[in-house]
Enquirer: 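Before anything else, here's the structure in question.
Throughout, numbering of the chain's residues begins at 1 and tracks the sequence.
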Amino acid sequence: MSSIRIICPNGHLGFAPLKTESFRLAVETKPDFIAADSGSDDIGPVPLGNDSCASPRSWQEHDLEEMLLAARRLGVPMVIGSAGDTGTNSRVDMFVQIIRDIAARHNLAPFKLGWFYSEVDREYVRTKIRDGSAIRGLDAREDLTEAELDATSRVVAMAGVHPFVKLLEDGCDVIIGGRSSDSAIFAACALFKGFPEAQSYYLGKVLECASFCAEPYGAKETVMGEITPDAVEVTAMASWQRCTVASVAGHAMYERSNPFHEFVAGGMLDMTRCHYDQISEKTTRVTGMDFVPAEDFRVKLEGSGKVGERFVGMAGIRDPYTIANVDAVIDWARTQTIERFGPTGWELHYNVFGRNGVMGDMEPLKDKPGHELCVVVQGVAPTREMAEEVCMTGTRQMFYARLPDVKGTAGGVSFVLDEVLQASPAYRWTLNHTMSVSSPMELFPTHSETVG
């Protein structure tokens, strides 16, 4: 086969619904695969920790239905990775059931549905640690300790291409994957068809976020990637978008500390020598990519641990003197909370929007606040009742802060809502590590059935 084409309609399936017009234009080209990533750790540690979705089920069902009906009409494989935002076992099962339900609702002809899981038992990881196989930290983290493992609620392993390829080799028409490397979802289709690793992994890298590799910016539009033994071509399918040298190269370089290196289970895509050519108004061709196999096969682990229950409060500040002394106001509120609850066993977090609420200490203009501020207060504690009171104290006491030059009694802080709001429990990332495995399939059991 001289080339294959893969279309990707959504860079994070279900996070916002795919745009149907560009997707249907792409389907009319009769691609060889329809594929999409459905997860990310960009959503933070909460969904993994409490085993939930960050996206509404109706949006996920919308995208899965569009893709499934198109794939079965064309008779081509449909491949999904990181099911339900996190790729936990329950999210995979949810997507598998959605596929069954869609097939029954539309009376689809029988097809083979395959899936794999990515959750890892904490005791399995503990055994590795005790056997002397270090669970190595990424991004300057220390190697994993048993204490940090004990603080972890749930662990997923990030699959490479291998379980996808196995299910394709088993003849599966639809594949639902657990937590997966974004690029592996697409690279697996190309590798299954016999294309080289370098081109296959670059195809995955450029397609993983759909129309993020096109311009002008527009999310959730479909793009098409075509792979040959020597090159990858990527085409925007929305009538108003183009895949240009700048947009494709820019997308290839983002979300990594080194803009030229993409690490996956089993190796590294090296884009240092990539060459980009604009071959038509909507299409860019890329050549020169390399793939460097890993000497030690390691799989990335992601883990999340619960910190406590959480409430959120909001306060507005317009008074210039209070704005100038907002840190003193926050310190006052924190001190009052310490007086009520003691110095430990709870947390208060303040984001001051209008000053440095987004970037924190990295904000270069934090000494030049706006004329009004919004302070978002998060109170975290072991129980719901305590978290509510911590947040209430940390929010309301801003109103009573004693500042040296304040003579009146009205206070310089207002409240968006008088009450504080219950939020999701607070979680933190506990694992961002890699673990050595003896087989690429060691952590990813596969299953299949006939549906329809």
Enquirer: Return the CD to CZ distance between Q336 and F341, rounded to the nearest 0.5 Å.
Expert: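 Result: 12.0 Å between the selected atoms.
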Enquirer: Side chains of T272 and D270: any donor to acceptor distance under 3.5 Å?
Expert: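 Checked: D270/T272 side chains pair up, N/O donor to acceptor below 3.5 Å.
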Enquirer: Is the backbone N or O of P196 less than 3.5 Å from a side-chain atom of S200, with the two atoms forming a donor-acceptor pair by type?
Expert: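 Confirmed, S200 side chain pairs with P196 backbone.
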Enquirer: What are the two closest heavy atoms between W429 and G303, and how far apart are they?
Expert: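 Shortest heavy-atom separation between W429 and G303 comes out as CE3-O, 3.3 Å.
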Enquirer: Can you list everything that forms a side-chain contact (heavy atoms from CB on, under 4.5 Å) with S40? Sequence neighbours excluded, please.
Expert: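 S40 satisfies side-chain contact (heavy atoms from CB on, under 4.5 Å) with H12, D42 once adjacent residues are dropped.
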Enquirer: Using modelled atom types and a 3.5 Å cut-off, is there a donor and acceptor pairing between side-chain atoms of D37 and backbone atoms of D182?
Expert: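 Absent.
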Enquirer: If you take all heavy atoms of M158 and S180, which pair is closest and at what distance?
Expert: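 So the two residues come closest at CG-C, 3.5 Å.
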Enquirer: With ring pair (Phe, Tyr, Trp, His ring centres under 6.0 Å) as the rule and sequence neighbours excluded, what pairs involving residues 244-267 come up?
Expert: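 Passing the test, one end in residues 244-267: H251-Y254.
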Enquirer: Which ring pair (Phe, Tyr, Trp, His ring centres under 6.0 Å) pairs, counting each pair once, include a residue from residues 293-318, with sequence neighbours left out?
Expert: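 Pairs touching residues 293-318 that pass the test: H162-F297.
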Enquirer: First locate atom OG of S3, then atom CD of E226, and finally report the distance between them rounded to the nearest 0.5 Å.
Expert: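 So the OG of S3 and the CD of E226 are separated by 4.0 Å.
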Enquirer: Pick from N89, T446, D93: which one makes a side-chain hydrogen bond (donor to acceptor under 3.5 Å, both in side chains) with Y117?
Expert: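 The side-chain hydrogen bond (donor to acceptor under 3.5 Å, both in side chains) with Y117 is passed solely by D93 among N89, T446, D93.
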Enquirer: Any side-chain heavy-atom pair from L144 and M435 closer than 4.5 angstrom?
Expert: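 No; the side chains remain at least 4.5 Å from each other.
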Enquirer: Any sub-3.5 Å donor-acceptor pair from R298's side-chain atoms to T434's backbone N or O?
Expert: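 It does hold such a pair.
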Enquirer: Looking at L48, is its backbone amide N or carbonyl O close enough to the side chain of R154 to form a donor-acceptor pair, meaning the two atoms are under 3.5 Å apart?
Expert: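 Side chain of R154 to backbone of L48, a donor-acceptor pair under 3.5 Å: yes, one is there.
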Enquirer: Given the rule in the salt bridge (Lys or Arg N to Asp or Glu O under 4.0 Å) test, do D85 and R91 qualify, once you have shown the distances and angles that lead to the verdict?
Expert: CA-CA 8 Å; D85 300 316; R91 302 305 94 182; over 6 Å; no
Enquirer: Should the ring pair F192 and F33 be called parallel, tilted or perpendicular, given that the plane angle runs from 0 to 90° and is split at 30 and 60?
Expert: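 Aromatic pair F192/F33 classed perpendicular.
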Enquirer: Write down the atom of A35, the atom of I6, and the distance for their closest heavy-atom approach.
Expert: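 Taking A35 first and I6 second, the nearest heavy atoms are CB-CG2, 4.2 Å.
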Enquirer: Tell me every residue that passes side-chain contact (heavy atoms from CB on, under 4.5 Å) with D143, counting only those two or more places apart in sequence or in another chain.
Expert: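 So D143 forms a side-chain contact (heavy atoms from CB on, under 4.5 Å) with A134, R136.
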Enquirer: Can you list everything that forms a ring-ring contact (aromatic ring centres under 6.0 Å, His included) with F164? Sequence neighbours excluded, please.
Expert: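 If we apply the ring-ring contact (aromatic ring centres under 6.0 Å, His included) test to F164, skipping adjacent residues, the hits are F116.
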Enquirer: Looking only at non-hydrogen atoms, find the nearest pair between A198 and M289 and report the distance.
Expert: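 Closest heavy-atom pair between A198 and M289: O-CG, 3.4 Å.
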Enquirer: Does the side chain of E221 pick up a donor-acceptor pair with the side chain of S22 at under 3.5 Å?
Expert: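 Per modelled atom types, E221 and S22 side chains form a pair under 3.5 Å.
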Enquirer: Is a donor from one side chain sitting under 3.5 angstrom from an acceptor on the other, for S52 and N50?
Expert: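 A donor-acceptor contact under 3.5 Å links the two side chains.
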Enquirer: Quick check for you: to the nearest 0.5 Å, what is the distance between F444 atom CZ and E119 atom CD?
Expert: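 Between F444 CZ and E119 CD, I get 12.0 Å after rounding to 0.5 Å.
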Enquirer: Identify, with sequence neighbours excluded, every residue that meets side-chain contact (heavy atoms from CB on, under 4.5 Å) alongside V245.
Expert: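 Listed in chain order: Y276, Q278, T284.
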Enquirer: So, for A16 and N10, which heavy atoms are closest and what is the spacing to 0.1 Å?
Expert: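 Result for this residue pair: O-ND2, 2.9 Å.
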Enquirer: Heavy atoms only: give me the nearest G114-L167 pair and the separation to one decimal.
Expert: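 Heavy atoms only, the tightest pair is C-CD1, 4.1 Å.
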Enquirer: Using modelled atom types and a 3.5 Å cut-off, is there a donor and acceptor pairing between side-chain atoms of S414 and backbone atoms of G316?
Expert: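 Side chain of S414 to backbone of G316, a donor-acceptor pair under 3.5 Å: yes, one is there.
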Enquirer: A side-chain contact here means heavy atoms from C-beta on lying under 4.5 Å apart; do V326 and P369 qualify?
Expert: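 With C-beta onward as the side chain, the pair stays apart.
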Enquirer: Taking ring-ring contact (aromatic ring centres under 6.0 Å, His included) as the definition, give me every residue that meets it alongside Y201, ordered by chain and number, with sequence neighbours left out.
Expert: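 So Y201 forms a ring-ring contact (aromatic ring centres under 6.0 Å, His included) with F291.
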Enquirer: Scan residues 349-364 for pairs that pass side-chain hydrogen bond (donor to acceptor under 3.5 Å, both in side chains), counting only residues two or more places apart or in two chains.
Expert: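 For residues 349-364, and leaving out neighbouring residues, the side-chain hydrogen bond (donor to acceptor under 3.5 Å, both in side chains) pairs sorted by first residue read D327-R355, E347-H349.
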Enquirer: Quick one: list whatever passes ring-ring contact (aromatic ring centres under 6.0 Å, His included) with H275, sequence neighbours left out.
Expert: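 None.
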Enquirer: Taking 4.0 angstrom as the limit, do E123 and R126 come out as a salt bridge?
Expert: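 Yes.
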Enquirer: Any donor-acceptor pair under 3.5 Å linking the side chain of K128 with the backbone of S436?
Expert: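 Checking the backbone N and O of S436 against the side chain of K128, a donor-acceptor pair under 3.5 Å is found.
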Enquirer: Does either side chain, that of E233 or that of T283, offer a donor lying less than 3.5 Å from an acceptor on the other one?
Expert: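 No.
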Enquirer: Could you list all the side-chain hydrogen bond (donor to acceptor under 3.5 Å, both in side chains) pairs where at least one residue sits in residues 370-381, not counting sequence neighbours?
Expert: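 Every side-chain hydrogen bond (donor to acceptor under 3.5 Å, both in side chains) pair that includes a residue of residues 370-381, provided the two are not neighbours, is R310-Q378.
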Enquirer: Between the main-chain N or O of Q241 and the side-chain N or O of K282, is there a donor-acceptor pair closer than 3.5 Å?
Expert: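 At least one qualifying donor-acceptor pair exists.
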Enquirer: Go through the structure and list residues passing side-chain contact (heavy atoms from CB on, under 4.5 Å) with T430, not counting sequence neighbours.
Expert: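 For T430 the side-chain contact (heavy atoms from CB on, under 4.5 Å) partners, ignoring immediate neighbours, are E148, T152, R428.
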Enquirer: Can you give each donor-acceptor pair under 3.5 Å made by side-chain atoms of residues 328-335, sequence neighbours left out, with the distance rounded to 0.1 Å?
Expert:
residue : atom : partner : partner atom : Å
W332    : NE1  : Q397    : O            : 3.4
W332    : NE1  : Q397    : OE1          : 3.3
R334    : NH1  : L348    : O            : 3.3
R334    : NH2  : L348    : O            : 3.4
T335    : OG1  : D331    : O            : 2.8

